[in-house]
There are 4 protein chains.
Amino acid sequence: MDSPQSKHTAAVSGNGDDSGVSDSPKAQAILDASLALFAEKGYDGTAVPLIAEKAGVGAGTIYRYFESKEVLVNILYRRWRTVFRDALLADVPADAPPREVFTMLWNRMADFQREHPQAYAFLEFYNHTYLNEENIALTESIVDFLAGFLRRGQDHGVFRKVPPGMLIFMVLGAFVGLVRAESAGRLELTAEAIRESEEICWRAIT
Amino acid sequence: MDSPQSKHTAAVSGNGDDSGVSDSPKAQAILDASLALFAEKGYDGTAVPLIAEKAGVGAGTIYRYFESKEVLVNILYRRWRTVFRDALLADVPADAPPREVFTMLWNRMADFQREHPQAYAFLEFYNHTYLNEENIALTESIVDFLAGFLRRGQDHGVFRKVPPGMLIFMVLGAFVGLVRAESAGRLELTAEAIRESEEICWRAIT
Amino acid sequence: MDSPQSKHTAAVSGNGDDSGVSDSPKAQAILDASLALFAEKGYDGTAVPLIAEKAGVGAGTIYRYFESKEVLVNILYRRWRTVFRDALLADVPADAPPREVFTMLWNRMADFQREHPQAYAFLEFYNHTYLNEENIALTESIVDFLAGFLRRGQDHGVFRKVPPGMLIFMVLGAFVGLVRAESAGRLELTAEAIRESEEICWRAIT
Amino acid sequence: MDSPQSKHTAAVSGNGDDSGVSDSPKAQAILDASLALFAEKGYDGTAVPLIAEKAGVGAGTIYRYFESKEVLVNILYRRWRTVFRDALLADVPADAPPREVFTMLWNRMADFQREHPQAYAFLEFYNHTYLNEENIALTESIVDFLAGFLRRGQDHGVFRKVPPGMLIFMVLGAFVGLVRAESAGRLELTAEAIRESEEICWRAIT
DNA sequence: CATGAATGAGTTTTCATTCAT
DNA sequence: TATGAATGAAAACTCATTCAT
């Protein structure tokens with residue numbers, strides 16, 4: 001229901017394969033169950049047998065596919081962060097007007113959240129204290145890409161002359177806020193809401 | 001060092017007492033240790049004996065002051081959410097210009113985060129799956145207050161005509177983003193950065 | 001490389017067949033892998049899937065040839081204890097001078113250890129808590145044979161008049177000690193060392 | 001029943017204390033239970049909850065005193081190897097006649113085995129694959145001491161001119177054999193048997 | 001009051017054995 | 001016949017909670 005389809009495109013440096021993770025249906029069921037539970041209860045709040053039960057496999061089976069719970073969560077994170085990165089950054093037109101690019105990025109983020117709400121919650125609602133270096137680098141690479149976009153826009157006088165990280169994290173944070181608002185029942189993330197919030201953020205950073 | 005001093009003010013409906021939690025130095029040490037550990041490792045990632053050690057008390061002592069770990073974290077949450085609420089909302093002048101009020105709110109939020117970074121991280125970096133009804137209501141009351149402020153501003157044509165929850169959660173989320181940006185080493189939250197980000201958010205919501 | 005060739009000789013009561021154990025190459029590979037692993041890590045320290053991997057067969061295959069791990073180790077023990085017995089006792093000349101017989105036994109033991117170091121380690125370095133009655137009897141039969149030899153020598157005034165078991169176990173134990181000394185790097189078991197140690201033991205028991 | 005009394009004497013370099021192992025009755029009960037079970041079933045054949053049950057403590061209690069099963073077995077080994085070393089080597093008269101010294105050593109070894117049969121079985125009946133460097137060094141230090149004794153005797157023409165390690169390991173191995181003979185019901189280790197076997201070994205090495 | 005040693009239920013992980021292919 | 005993926009029972013280990021002191 002909520003598994004990455006790996007529509008790899010080359011916008012950002014990518015590791016072409018999925019580095020040793022079996023794509024068997026069991027492995028996939030385990031990853032799916034983990035995603036749902038980690039999104040809901042967090043990593044430390046989720047017991048491995050619970051994952052097994054939800055995945056419909058024996059507890060031991062998880063360890064046939066993943067060395068440990070920590071390796072599992074890192075693979076899950078890498079998969080989804082990669083999907084997120086690709087969904088967000090693939091084929092961003094280098095020479096399009098900043099306004100168009102921004103709209104594209106915002107809509108893609110919203111699409112990702114709508115299509116993969118558990119993945120979005122898993123990625124954004126928690127402090128990932130267990131991330132390995134690869135995943136830290138992967139996450140930073142996304143910010144780096146966005147920082148490049150912003151810096152070029154700043155050079156053209158489009159974006160405010162503040163540290164790009166400020167704008168990036170504020171915008172990403174604002175979107176997390178939107179999703180939380182919906183969770184809190186304060187908002188429905190309709191197409192209209194996405195459009196309005198996009199305009200709000202554009203106003204913010206220009 | 002980082003404990004709420006309960007400078008109660010009447011801006012928001014408050015429960016006058018602290019609901020049965022002793023204010024003994026031991027209880028305080030336990031709450032302080034919990035805050036530091038929950039902020040760093042999360043609720044499920046923190047063992048009670050570790051709290052005891054950091055608090056300099058016996059493990060059993062924790063259970064003299066708090067029925068259970070879950071009760072403890074709810075009390076901790078309530079205390080800090082209350083401090084946050086009071087720090088943010090106390091004596092907000094009802095008739096001041098929206099721009100001034102917004103600046104005040106932004107600066108108060110920044111002050112709170114600077115003075116109590118652990119409390120801020122505890123409150124905002126995690127999904128609080130264990131919150132009791134009281135704490136849920138307390139959290140919502142803050143949003144309700146802000147929603148009133150926004151709605152009045154909207155009525156005067158100052159703020160965008162979108163669901164107030166959208167603006168509130170986006171602004172709060174943007175500030176969380178700023179703090180994360182600092183954690184990620186992408187930003188220093190200087191006075192200038194606070195001023196700039198405030199302006200950005202003001203532009204966003206108007 | 002290290003598998004018993006079943007050169008059955010009739011020195012000691014032998015069960016003529018190999019009691020239901022197939023002699024297929026797979027069964028042999030499993031026995032060889034088991035021997036290497038049990039010698040190195042002990043019975044309880046060796047996982048069945050590891051045996052399978054080392055044998056180059058599937059884990060399930062082991063159970064086609066052996067009912068259980070315990071049955072496997074008993075078969076392995078029987079095979080090697082039998083080889084040991086045959087290598088030690090086959091065609092011992094009944095009427096040769098005790099000194100010659102002793103030298104022959106000592107050299108045969110050394111030959112066995114040199115040719116099958118893993119088998120020797122498996123047989124002698126561990127407490128075999130899992131042995132079935134057949135294997136216990138098999139092991140005792142070797143001691144019984146040696147006891148007969150010693151008793152005859154005692155009757156001729158060649159060996160010390162002490163319980164034969166004392167001499168047998170001391171000599172066998174001394175040889176185990178020699179092998180351990182080599183493992184510990186305190187000794188090289190050269191032909192000369194074998195000769196010297198033989199003389200030492202001969203002196204001991206006469 | 002079978003716990004080291006630490007009658008420290010200074011014959012061999014010793015670490016004066018017991019390096020961080022609590023001497024509480026619980027820790028002692030755990031060590032005693034471990035000794036009995038490891039002696040009977042080996043390290044890998046003994047489950048921690050079984051140790052707990054035999055010790056009359058909860059399973060978790062073991063981990064209050066010992067970091068892990070491996071640390072536990074190393075501490076147990078160190079304790080008993082130290083007791084063995086002290087029992088064997090304390091105050092060995094440097095200038096006594098070799099024969100007297102040998103008798104003393106032999107009797108001390110027999111005394112240790114008689115007084116602490118489980119400890120002797122634990123120390124000598126198994127391959128200790130888990131030993132840390134400290135314990136390896138400790139074990140070697142005993143052999144080194146004995147090697148010095150033998151080398152001096154060889155210089156005086158008392159002992160055979162073979163590598164001292166050969167004599168040491170043969171004698172120690174012979175004694176292990178005696179104990180196994182008794183286990184096998186082939187022998188009773190009476191005072192007379194000890195005396196006779198001592199003479200046998202003396203004959204062997206001279 | 002305060003403790004911290006003790007615990008057993010629960011955690012992560014392993015492994016002998018099975019069974020669908 | 002051979003497999004190796006799958007498993008659940010049991011292993012090692014952790015931790016929220018209790019209770020004797």
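Just so we're on the same page: letters track the sequence lines, and every chain starts at 1.
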Q: With side chain to side chain contact (heavy atoms under 4.5 Å, CB included) as the test, would you mind laying out the steps for A:Lys41 and A:Leu50 before giving the verdict?
A: CA-CA 11 Å; A:Lys41 309 152 88 76; A:Leu50 193 63; 3.8 Å; yes
Distance from [X] atom [atom1] to [Y] atom [atom2], nearest 0.5 Å?
X	Y	atom1	atom2	result
C:Leu138	C:Arg79	CG	CZ	13.5 Å
B:Ile62	B:Leu31	CD1	CG	9.5 Å
B:Glu40	A:Thr129	CD	OG1	9.0 Å
B:Ile30	B:Lys26	CD1	NZ	8.5 Å
A:Ser24	A:Arg64	OG	CZ	10.0 Å

Using atom [atom1] of [X] as one end and atom [atom2] of [N] as the other, report the distance to the nearest whole Å.
X	N	atom1	atom2	value
A:Glu67	E:dC15	CD	P	14 Å
A:Glu53	E:dG10	CD	P	14 Å
B:Tyr130	F:dA16	OH	C1'	16 Å
B:Lys69	F:dT18	NZ	P	15 Å
C:Tyr43	E:dC15	OH	C1'	12 Å
B:Leu72	F:dT17	CG	C1'	13 Å
D:Leu50	F:dA10	CG	P	13 Å
C:Phe66	E:dT17	CZ	P	13 Å

Q: By nearest nucleotide on DNA chain E, pick out whichever of C:Ser68 and A:Thr46 is the more 5' one.
A: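 Its nearest nucleotide being more 5', the pick is A:Thr46.
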Q: Measure the acute angle between the ring planes of D:His128 and D:Phe122, then classify it against the limits of 30° and 60° as parallel, tilted or perpendicular.
A: perpendicular
Q. B:Val48 near the nucleic acid: base, sugar-phosphate alone, or nothing, with a heavy-atom cut-off under 4.0 Å?
A. base
Q) What are the two closest non-hydrogen atoms of B:Gln118 and B:Ala39, and how far apart are they? A) O-CB, 3.4 Å
Q: Go through DNA chain F and write down every stem, that is, every run of at least three consecutive Watson-Crick or G-U wobble pairs with distances under 3.5 Å, as range with range.
A: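 Runs of three or more consecutive pairs: E:2-21 with F:2-21.
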Q. OP1, OP2 of E:dT18 versus side-chain N and O of C:Tyr63: anything below 4.0 Å?
A.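 Answer no for this pair, as no side-chain N or O of C:Tyr63 is under 4.0 Å from OP1 or OP2.
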Q. Once each nucleotide of nucleotides 4-9 of chain F is scored for protein heavy atoms under 4.0 Å, what B/S/- sequence comes out, 5' to 3'?
A. BBBBB-
Q. Which nucleotide in the list F:dT17, F:dA11, E:dT11 gets nearest to the side chain of D:Ala47?
A. F:dA11
Distance-only donor-acceptor pairs under 3.5 Å for side chains of residues 66-77 of chain C, two or more places apart:
{"from": "C:Ser68", "atom 1": "OG", "to": "C:Glu70", "atom 2": "N", "distance (Å)": "3.4"}
{"from": "C:Ser68", "atom 1": "OG", "to": "C:Val71", "atom 2": "N", "distance (Å)": "3.1"}
{"from": "C:Lys69", "atom 1": "NZ", "to": "C:Tyr43", "atom 2": "O", "distance (Å)": "3.0"}
{"from": "C:Lys69", "atom 1": "NZ", "to": "C:Thr46", "atom 2": "O", "distance (Å)": "2.7"}
{"from": "C:Asn74", "atom 1": "OD1", "to": "C:Asn132", "atom 2": "N", "distance (Å)": "2.9"}
{"from": "C:Asn74", "atom 1": "OD1", "to": "C:Asn135", "atom 2": "ND2", "distance (Å)": "3.0"}
{"from": "C:Asn74", "atom 1": "ND2", "to": "C:Glu70", "atom 2": "O", "distance (Å)": "3.0"}
{"from": "C:Asn74", "atom 1": "ND2", "to": "C:Tyr130", "atom 2": "O", "distance (Å)": "3.0"}
{"from": "C:Tyr77", "atom 1": "OH", "to": "C:Arg81", "atom 2": "NE", "distance (Å)": "3.1"}
{"from": "C:Tyr77", "atom 1": "OH", "to": "C:Arg81", "atom 2": "NH2", "distance (Å)": "3.2"}
{"from": "C:Tyr77", "atom 1": "OH", "to": "C:Thr139", "atom 2": "OG1", "distance (Å)": "2.9"}

